[in-house]
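Here is the structure we will look at.
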Amino acid sequence: MQVSKYFHDLFLSGRLFLPLQNYDPMTHAFKDILRKQDLDREEIKVLLSAEGTQFQELLQRGREVKFSHLDNYVHLRGLIEFGNVCEKNCLYCGLRSGNARVERYCLSDEEVLSCARLAHELGYGSVAMQSGERSDPAFIERITRLVREIKRIDGGSLGVTLSLGEQTEETYRQWFEAGAHRYLLRIESSSEELYYRIHPRNEKHSFRNRVECLERLKRTGYQTGTGVMVGLPFQTVDHLAADLLFFKRMEVAMVGLGPYIPHPDTPLYRFKDIIPPAKERMDMTLRMIAVTRMMMPGINMVAATANQTLDPQGREKAIAAGANVIMPNLTPEAYRESYFIYPDKACVKDMPDQCKSCLDIRLAAIGHKILYNAWGDVIP
Ligand code: SAM
Ligand code: SF4
């Protein structure tokens, strides 16, 4: 069994992504674990520690499992970054309410609808509306109206994913009844202790409520998605293994994983020197993608833009390791730089039509193809 030099070095340096003390690589046969679907915590940790040839074998396994369940198709969700006004103050995110340096915006109805029409014209099959978190009645009503309008385009041919944060069950139901059918709410970390290291500890940032929101979404009937950031300060391999078991336990239909990218105008930035280097955050994200695919073969998994931000080939690498969804950005150019979650966001300048042909070529080069004009839901 090849023992990771990286973990060895980290162990000596006391840095992050530390394996647990009772981790014994000799007791696990890597190839046997690779063939399994029901993985326990120790087995997951072995996979998340893979380096060199084993790292490549793991990514290949993620791809094989995906091909055998979902073929080589990639689904698109045209991303509409609806607004950057946020009531919350997450310690890692540039849109946090405490960041006075961000210029706030909200798209007009017409801007949202023209993005949706463009998604339809380009054959994307689905849109995803994402924004800072707001729960005021005007916002809730507006989203309801906009979802209804989007569903009127070509007789309801567009699928609608929402990613608008924590809401009441009534709000989730209202949006579902208007026509939204998928919802993405990352848990960010399934460890309550780590969650409160990256969020303020108050009523607006309650770990319990976040978990409860995922339950509400599932009860309401959404294809529910969750996920975490990889490479957070204080995050260990044990946390990440627990995250994967959380996804499985919650029986989610979608997972979105991406590397954490420090934002200079956020409180978490001061820990930027204790997180793993960009390449390690990227590689760990790829391991997480491959293991998620092994554990949950039929789900939808997003190749997050953050992957491409850390590595120009990051999105393709995520697809090649087991992800099957890409969210090309449809937000009007004038607003893109204000949706400043983290620095150097990839594709900020790409125009939708360029993006489409670029994606076709990039995906064909790694043996994948886009399934146009389809919602791309998970088949139960
Ligand atoms: N407000 C909604 C929410 O939080 O669910 C949706 C928008 S929020 C910007 C979307 C995702 O961005 C979050 O779930 C978080 O994982 C990710 N994000 C925020 N700051 C980040 C950072 N510095 N690096 C990487 N991802 C980040
Ligand atoms: Fe707001 Fe979402 Fe950013 Fe948290 S992650 S500050 S809820 S936009």
Side-chain angles (χ1 to χ4, degrees), residues 6-7 9-20 48 81 84-104 130-133 165-166 185-210 227-243 256-288 304-311 314 336-346 348:
Y6 171 65
F7 285 106
D9 292 350
L10 281 184
F11 190 75
L12 291 180
S13 67
R15 290 254 310 285
L16 295 170
F17 283 157
L18 281 177
L20 275 198
L48 294 182
E81 294 162 335
N84 66 358
V85 178
C86 187
E87 294 167 357
K88 292 178 82 173
N89 229 347
C90 307
L91 302 180
Y92 44 84
C93 175
L95 306 190
R96 64 197 305 271
S97 55
N99 182 12
R101 300 180 69 169
V102 67
E103 199 178 321
R104 304 287 167 173
Q130 196 184 78
S131 82
E133 192 171 306
E166 294 170 38
L185 183 77
R186 284 187 179 175
I187 189 70
E188 315 296 1
S189 168
S190 67
S191 149
E192 188 163 355
E193 165 258 326
L194 181 55
Y195 188 87
Y196 285 120
R197 284 182 167 228
I198 61 169
H199 296 94
R201 191 184 277 272
N202 60 32
E203 251 178 45
K204 262 203 181 307
H205 303 81
S206 152
F207 176 77
R208 297 279 145 167
N209 191 54
R210 198 127 183 122
V228 296
M229 284 173 284
V230 178
L232 288 162
F234 317 113
Q235 190 178 50
T236 63
V237 169
D238 206 37
H239 286 128
L240 292 170
D243 291 337
L257 295 161
Y260 162 65
I261 302 175
H263 187 306
D265 300 325
T266 61
L268 221 57
Y269 190 71
R270 70 193 159 103
F271 298 113
K272 68 177 187 333
D273 296 328
I274 64 155
I275 61 170
K279 167 133 185 17
E280 267 311 317
R281 278 177 281 144
M282 184 67 214
D283 286 354
M284 189 56 96
T285 305
L286 296 176
R287 291 184 193 98
M288 286 287 285
T305 311
N307 292 302
Q308 207 180 341
T309 300
L310 283 198
D311 175 342
R336 288 203 190 170
E337 294 199 349
S338 300
Y339 203 78
F340 189 35
I341 308 174
Y342 48 73
D344 305 320
K345 216 165 117 207
V348 165

side-chain contact (heavy atoms from CB on, under 4.5 Å) involving S131 - partner list, sequence neighbours excluded: F82, F139, L164
With distance as the sole test, does H239 use its side chain to make a donor-acceptor pair with the main-chain N or O of T236 at under 3.5 Å? yes
Please give me the minimum heavy-atom distance between [X] and [Y], naming the atom from each residue.
X: M284; Y: L48; answer: CE-O, 3.4 Å
X: R186; Y: G258; answer: NH2-N, 3.7 Å
X: N307; Y: P259; answer: OD1-CD, 3.2 Å
X: K272; Y: I275; answer: O-CG1, 3.2 Å
X: P276; Y: G231; answer: CD-O, 4.0 Å

Side chain to side chain donor-acceptor pair (under 3.5 Å) partners for S190, two or more places apart: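 Checked S190 against side chain to side chain donor-acceptor pair (under 3.5 Å); matches are D243.
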Residue list, side chain to side chain donor-acceptor pair (under 3.5 Å) with Y195, at least two apart or on another chain: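 Y195 satisfies side chain to side chain donor-acceptor pair (under 3.5 Å) with no other residue.
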For E103, is the CD atom crowded, meaning more than 12 foreign heavy atoms sit under 6.0 Å from it?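 12 or below, so no.
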Out of curiosity, [X] [atom1] to [Y] [atom2], how far, rounded to the nearest 0.5 Å?
X: L194; Y: I187; atom1: CG; atom2: CD1; value: 11.0 Å
X: L286; Y: M288; atom1: CG; atom2: CE; value: 11.5 Å
X: M282; Y: L310; atom1: CE; atom2: CG; value: 7.0 Å
X: L91; Y: Y269; atom1: CG; atom2: OH; value: 16.0 Å
X: T309; Y: I261; atom1: OG1; atom2: CD1; value: 4.5 Å
X: R197; Y: F271; atom1: CZ; atom2: CZ; value: 7.5 Å

For I341 and Y92, run side chain to side chain contact (heavy atoms under 4.5 Å, CB included): C-alpha distance rounded to whole Å, both residues' side-chain angles, the deciding distance at 0.1 Å, then the answer. CA-CA 8 Å; I341 308 174; Y92 44 84; over 6 Å; no
Could you walk me through whether R104 and N99 pass the side chain to side chain contact (heavy atoms under 4.5 Å, CB included) test, one step at a time? CA-CA 10 Å; R104 304 287 167 173; N99 182 12; 4.3 Å; yes
Could you go step by step and tell me if E188 and R210 meet the side chain to side chain contact (heavy atoms under 4.5 Å, CB included) rule? CA-CA 10 Å; E188 315 296 1; R210 198 127 183 122; 3.5 Å; yes
What pairs with R201 under salt bridge (charged side-chain N to carboxylate O under 4.0 Å, His left out), at least two apart in sequence or on another chain? none
Mind running side chain to side chain contact (heavy atoms under 4.5 Å, CB included) on Q235 and Y260 for me, showing each step along the way? CA-CA 11 Å; Q235 190 178 50; Y260 162 65; over 6 Å; no
Partners of H263 by ring pair (Phe, Tyr, Trp, His ring centres under 6.0 Å), sequence neighbours excluded?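 Testing H263 for ring pair (Phe, Tyr, Trp, His ring centres under 6.0 Å), a comparison that skips the adjacent residues, returns F340.
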Going by salt bridge (charged side-chain N to carboxylate O under 4.0 Å, His left out), name the pairs with one or both residues in residues 84-95, residues two or more places apart or in two chains.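 Matches after skipping sequence neighbours: E87-K204, K88-E133, K88-E166.
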I274 vs F234 side-chain heavy atoms within contact, under 4.5 Å: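 Yes - at least one pair of side-chain heavy atoms lies under 4.5 Å apart.
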Answer yes or no: is there an ion pair linking D283 with K279, defined by an N-O contact shorter than 4.0 Å? yes
Check the side chains of R96 and N89 for a donor-acceptor pair under 3.5 angstrom, ignoring hydrogens and angles. yes
